[in-house]
Amino acid sequence: MNASQRLERWRSRRAEHLAALPWLVTDTAGVRPVRYVGGELLALDEHYDDARAAVSAQGHNAADLAEDEPLPGVRRIRARGLDPLRAARRVHERAGRGGLVGPNHVLLGAPHEQGGPFGRPVASRAAAIAAPGVEAPVRVAVLDTGVWADSPLPPSRYAVGASDYETVVDADLDSVLDSDVGHANFIAGVVLQGTTRAQVRIVKVLDSFGVGTELDLALRIAGLGDADVLNLSLGGYTADDQPPVLLGAALDRFLSGRDRVVVAAAGNDGQAGLPYWPAAFAAADVPWKDQVVAVAAHDGTAVCPWSNTGPWVSLAAPGADVVSTYINHPDFGTGWAAWSGTSFATPHVVAAIAEAAHPGAVVAAAKIVQTGAAHSFAGYPTIL
């Protein structure tokens, strides 16, 4: 397999992985595909009756259903053959209550791999990660792929649970690294290159192809408890552009009344205006929207043409040919790589917030956006 063939193979592998997942449904009726778990409907408690009525309208009775409460105040209704997208739309049409009922969406990591001059990570020279500072560190949580232990990312600079390590690099044994292997390593490396004040914790919510569910992400957010800044280099689109129900509930509990910030990738589909979640919460009708920073990618001269944009984007940060820690592998002699995507613009902003986190994360985030206005690309405040 020559280099061109390897690149094309790398680009197609996530699509093949998604197509092979029996529980995943992809709706292609809109501008961008909406992915969700088949047969599952999520509803806030106060709209449970509406959700049950919509399920009943599809011919399902109580004997068909399995129900649980994955988070306090949120119900999950499951049934074979249930169409959650149709059920959610029925509730919205009848009650006009926005995104309070919806599917369990599938979210993807956001390295750039859709084509163009970018794609798979390429081997790079090693850079430097400074020793930690003496000041009390800012607690950064990276919810992403598992971390690959054999990496130039210094083990002393991040915390990880036993279940958060990645053990797979080539799931289908085709001699090509899975598309998102090393994604968390790379993100953590960008943070640690940009600040000496961050204490990074890596939590696995995506597989080695960068695929995860809204439910898994929400449960992990609910279990954090001790993070100041949350890096979410992942996302997806939703039916009718409604906010994802369970993720919104989890972020509400994580952010409301607390000095915490979520920094989220804007996505890499070259879309202008189409909400990409969770980044689009930065302009949603939620009381904590100012605690969400949505990050587009620039290449030093302009916003990258493959970066999503829209009125919900907070600022742009470097996202083209970023150099960071990857994995130790025969194809990557130094263990470092160059990679592109809003995934890697996001931790640039996380590092900047950590550096400025006096008196707190929320004030620091607002300061970063405000000072970024001095360097504007496409009208967005910009970190150079």
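Between Ala279 and Ala265, the shortest heavy-atom contact is CB-O, 3.3 Å. The two atoms that bring Pro152 and Asn328 nearest to each other are CD-OD1, 3.7 Å, heavy atoms only.
Under the ring pair (Phe, Tyr, Trp, His ring centres under 6.0 Å) criterion, Phe281 pairs with Trp277, Trp288, not counting sequence neighbours. Take Glu166 and apply the salt bridge (charged side-chain N to carboxylate O under 4.0 Å, His left out) test, not counting sequence neighbours, and it matches Lys204. With sequence neighbours excluded, the residues forming a salt bridge (charged side-chain N to carboxylate O under 4.0 Å, His left out) with Glu40 are Arg76, listed by chain and number.
Using a cutoff of 4.0 Å between basic side-chain nitrogens and carboxylate oxygens, Arg90 and Asp50 are not scored as salt-bridged. Asp226 has no carboxylate O lying under 4.0 Å from a charged side-chain N of Arg139, or vice versa, which leaves the two without a salt bridge. Contact check on Arg75 versus Asp45 returns a salt bridge, with a Lys/Arg side-chain nitrogen under 4.0 Å from an Asp/Glu carboxylate oxygen. Between Glu355 and Lys367 there is no salt bridge, since no side-chain nitrogen of the basic residue lies less than 4.0 Å from a carboxylate oxygen of the acidic one.
Cluster partners of Val122, using a side-chain heavy-atom cutoff of under 4.5 Å among ILVMFWY residues and allowing indirect links: none.
In this structure, Ser307 OG and Asp269 CG are separated by 10.0 Å, a value rounded to the nearest 0.5 Å.
Tyr48 and Glu67 share a donor-acceptor pair across their side chains, judged by distance under 3.5 Å alone. No side-chain donor-acceptor contact under 3.5 Å links Thr238 and Asp240.
Each of Leu215, Asn104, Ile221 was compared with Leu247 under the side chain to side chain contact (heavy atoms under 4.5 Å, CB included) criterion, and only Ile221 meets it.
Cation-pi geometry between Arg260 and Phe254 is met: under 6.0 angstrom from the ring centre, within 45 degrees of the axis.
The ring pair (Phe, Tyr, Trp, His ring centres under 6.0 Å) analysis of residues 360-384, with sequence neighbours excluded, yields the pairs His298-Phe377. Among pairs with a residue in residues 212-243, those fulfilling ring pair (Phe, Tyr, Trp, His ring centres under 6.0 Å) read Tyr237-Tyr276, at least two apart in sequence or across chains.
No more than 12 heavy atoms of other residues, nucleotides or ligands sit less than 6.0 Å from atom CD of Gln370.
Annotation: Tyr326 is not in aromatic contact with His183 [ring centroid separation under 6.0 Å not met].
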Inset, instruction - Quick one: do Asn268 and Thr342 satisfy side chain to side chain donor-acceptor pair (under 3.5 Å)? Show the steps, please. - result: CA-CA 6 Å; Asn268 310 314; Thr342 56; 2.9 Å; yes

